[in-house]
Amino acid sequence: MGADIYVTTEHKIGAVTYFVVSVQSEKAEETLDKKVEKLIEKDVREIGATI
C-alpha cells in the first residue's frame with residue numbers, strides 16, 4: 001500500500017477563492033469538478049440563507 005498523494009487546487013469565482021484538497025480513491029464515484037460544483041452550490045445556499 002503506497003502513500004496517499006494530496007493535490008490542492010485553487011478555484012476563483014468572482015471575489016471568492018476556493019481551495020480544494022483531494023486524494024485519489026479507487027472507490028470514488030464523482031469527479032473533482034463535480035465535487036467543487038456541489039461545494040460551491042452549498043456555499044451559495046448557505047450565504048443566501050443568511051442574507
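Atom CG of residue D4 and atom OG of residue S25 lie 9.0 Å apart, to the nearest 0.5 angstrom.
Under the side chain to side chain donor-acceptor pair (under 3.5 Å) criterion, T9 pairs with H11, sequence neighbours left out. With sequence neighbours left out, the side chain to side chain contact (heavy atoms under 4.5 Å, CB included) criterion links E29 to no other residue. Remark: L39 engages K35 in a side chain to side chain contact (heavy atoms under 4.5 Å, CB included) (not counting sequence neighbours). Among residues two or more places apart in sequence or in another chain, the side chain to side chain contact (heavy atoms under 4.5 Å, CB included) test is passed with Q24 by none.
Applying the salt bridge (charged side-chain N to carboxylate O under 4.0 Å, His left out) definition to pairs two or more places apart or across chains, none involves residues 8-28.
Membership of the apolar cluster around Y6 extends to V21, V23, as traced through chained side-chain contacts below 4.5 Å between ILVMFWY residues.
Between E41 and E37, some side-chain heavy-atom pair lies under the 4.5 Å cut-off.
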task: Would you please test I40 and I13 for side-chain contact (heavy atoms from CB on, under 4.5 Å) and show each step?
output: CA-CA 9 Å; I40 292 169; I13 300 176; 3.1 Å; yes
